[in-house]
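A short write-up of the structure that comes next.
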Amino acid sequence: MSNQPAMWHRPVPADDRDGNATDAQGDGEGDDEGSRGGSRPPAYQFPGYQPAGYQPSGYQTPAVPSPADRRSAPPAPAPAPAPAPEKHESRAGLDTTAVLPYAGSRASTRTRWLRAWMMTAPVDVLALLTPLLVTQQYWRGTLAMTVLTVIVFASGGLYRARRHVSFLDEVPSLCGRLLAAASAVAIVAAMRHESAEYVFGFTRGVAASAGLVILGRAVTREFAIVARKRRWVEHNTIIVGSGPTAVELARLLRRYPQYGLRFVGCVDTPDGPSALPLIGSLDDLDSLVRLRECDVVIVADANCSETSLMEILARPRTAECDLWAATPLWGSRSHGDHIGAVPVVSIGDITLSGPQSALKRASDIAFASVALLLLSPVLLICAVATLIDGGPGIFFYQERIGRHGRPFNIIKFRSMRPVDEHESQTNWSIANDRRVGPIGRIMRRTSLDELPQLWNILRGDMSVVGPRPERPYFVEKFSAEYPQYAMRHRVPVGLTGLAQVSGLRGDTPISDRARFDNFYIENWSLWLDVKVVLRTVTEVFRAGGR
């Protein structure tokens, strides 16, 4: 930043610019300043540090007396005791080393798109398919074993990038999941082929492929460590916070490139004490992520409330980064990752992007297609009942707000006729409205009036499970009153949602709804969607609607 003190500025060494250096004071493996053919300014200095040979201005070298002068000179008086060193007032940041951001390597600018699974997944697939090179007799079982193993590995997080890369840490999980996948396929093979010789031959191929998977993991992990140490692959990282934990993380990332993260700076609240040079405030985080091309954000010692921090982390650019949180309980039995001695926990994808979004969309299309086919008789009965109850005009169209604030028209079976469009957009609840006929009331209590929204799901306007869509008037009103309400629109809105099956329907607190919706987004899984759908079916049979 342009307003930083001069003490934070230093010229970038030539070997930092061309990507050969990893740390101004060594990479922890015995590098020596002299061995590099030149000296460099240290990356960080303690307060009061003075280089060797330093002399204050006006200092004169005393004359050296001759031996005769020393013999005739009277004995020197005892030296006066040195004055006690002045005690400086302890202030935040003065007793801590300051770590400066450093230039990235040339190779890392071309490898930012690389992810861990891009190397490990293909190697796993090749290892699992290797038995087909020997014999094609068990090709069906081999293919089933490959697909099942990859799914089991992915669900267990074995394709996620880890900061502390260690093959031995993965061995127990690898062996357990390989055994589970192999057992399932072997049982099916034994049921289809009663021949013990066939099952034994297939099991030998599975054991060989499992051994190759473990060997492949050892090779890929070692290659990952080498690539990180040589800075072929490194991802720009911003640390949120400026306290002791943030300082320790910055020092570790600077000194040990094997974590694969390049420290580009810290952000924090402008009024908080800072032990590191800040590149901006928390409010600037989203723009800094874009300007510095960051891929990772680590939260450590953030000097703001959790609600404000989560709102900042949910902004579009920041939410695309890998989010990590440094836990303050050093030495605790953390089941996450760690950088040096600092435990860090990965924060799940809070935007449902990438493979998760594709998986959710595929499940939505499959569910809506099957539901429209199976429920077509029910839809026909509801359409006839709506026609009998209120005359022509079976469907009711209303503008709602979807993902990222985009409006769309929701489709429902009409249960009443509003007086005008303004009432339709601004009337909050019609639960006790006398204009709702008996058939319309039954359809609303059983949520059958929502079934035409299956077409909205096929069109991509909605999802099966997600925050319920609301009208523009109320979205604007609730977003101004409740800070977390607008965060619901990070994902597609849904036919049903976690808040609705948890009893938050009708005249219930909006803050509670927003809290449940955001919890669903930040803890999404395909099984969570299945649970919400099953609970929705239970609510329909209980007639627990409006």
Between Ser463 (side chain) and Ile457 (backbone), is there a donor-acceptor pair under 3.5 Å? no
Could you pull out all residues at least two apart from Ser183 that satisfy side chain to side chain contact (heavy atoms under 4.5 Å, CB included)? Leu179
Considering only heavy atoms from C-beta outward, does the side chain of Leu128 approach that of Thr142 to under 4.5 Å? no
Evaluate salt bridge (charged side-chain N to carboxylate O under 4.0 Å, His left out) for Asp337 paired with Arg162, printing each intermediate quantity in order. CA-CA 7 Å; Asp337 209 339; Arg162 293 182 61 85; 3.8 Å; yes
For the student: nearest non-hydrogen atoms of Ile521 and Pro467, plus distance: CD1-CG, 4.3 Å
How far does CD1 of Ile239 sit from OG1 of Thr245, to the nearest 0.5 angstrom? 10.0 Å
Answer yes or no: is there a donor N or O on one side and an acceptor on the other, between the side chain of Asn518 and the main chain of Gln484, under 3.5 Å? yes
If every non-hydrogen atom of Leu288 is compared with every non-hydrogen atom of Gly280, which pair is closest and at what distance? CD1-CA, 4.0 Å
Whether Arg403 side chain and Arg490 backbone form a donor-acceptor pair below 3.5 Å: yes
Can you measure from CZ (Arg515) to CG (Leu498) and round to the nearest 0.5 angstrom? 12.5 Å
Under 6.0 Å from the ring centre and within 45 degrees of the ring axis: does the NZ or CZ of Arg488 meet both conditions for the six-membered ring of Tyr485? yes
Does CZ belonging to Phe153 count more than 12 external heavy atoms closer than 6.0 Å? yes
With no hydrogens and no angle check, is any side-chain donor or acceptor of Arg471 less than 3.5 Å from a backbone partner on Arg400? no
Measure from the side-chain N and O atoms of Ser287 to the backbone N and O of Asp284, and report whether any donor-acceptor pair falls under 3.5 Å. yes
Is it true that a side-chain atom of Asp461 and a backbone atom of Gly402 form a donor plus acceptor pair closer than 3.5 Å? no
Which pairs of donor and acceptor atoms, one on a side chain in residues 260-267, lie under 3.5 Å apart (sequence neighbours left out)?
{"from": "Arg262", "atom 1": "NE", "to": "Tyr102", "atom 2": "O", "distance (Å)": "2.7"}
{"from": "Arg262", "atom 1": "NH1", "to": "Asn236", "atom 2": "OD1", "distance (Å)": "2.9"}
{"from": "Arg262", "atom 1": "NH2", "to": "Tyr102", "atom 2": "O", "distance (Å)": "2.6"}

Glu234 side chain to Pro257 backbone, donor-acceptor under 3.5 Å: no
Close side-chain approach of Asp322 and Ser346, heavy atoms under 4.5 Å: no
Show me the side-chain donor-acceptor pairs of residues 113-127 shorter than 3.5 Å, one per line, residues at least two apart or across chains.
{"from": "Trp113", "atom 1": "NE1", "to": "Arg110", "atom 2": "O", "distance (Å)": "3.0"}
{"from": "Arg115", "atom 1": "NH1", "to": "Arg112", "atom 2": "O", "distance (Å)": "2.7"}
{"from": "Thr120", "atom 1": "OG1", "to": "Ala116", "atom 2": "O", "distance (Å)": "3.2"}
{"from": "Asp124", "atom 1": "OD1", "to": "Arg217", "atom 2": "NE", "distance (Å)": "3.4"}
{"from": "Asp124", "atom 1": "OD2", "to": "Tyr159", "atom 2": "OH", "distance (Å)": "3.0"}
{"from": "Asp124", "atom 1": "OD2", "to": "Arg217", "atom 2": "NE", "distance (Å)": "3.3"}
{"from": "Asp124", "atom 1": "OD2", "to": "Arg217", "atom 2": "NH2", "distance (Å)": "2.9"}

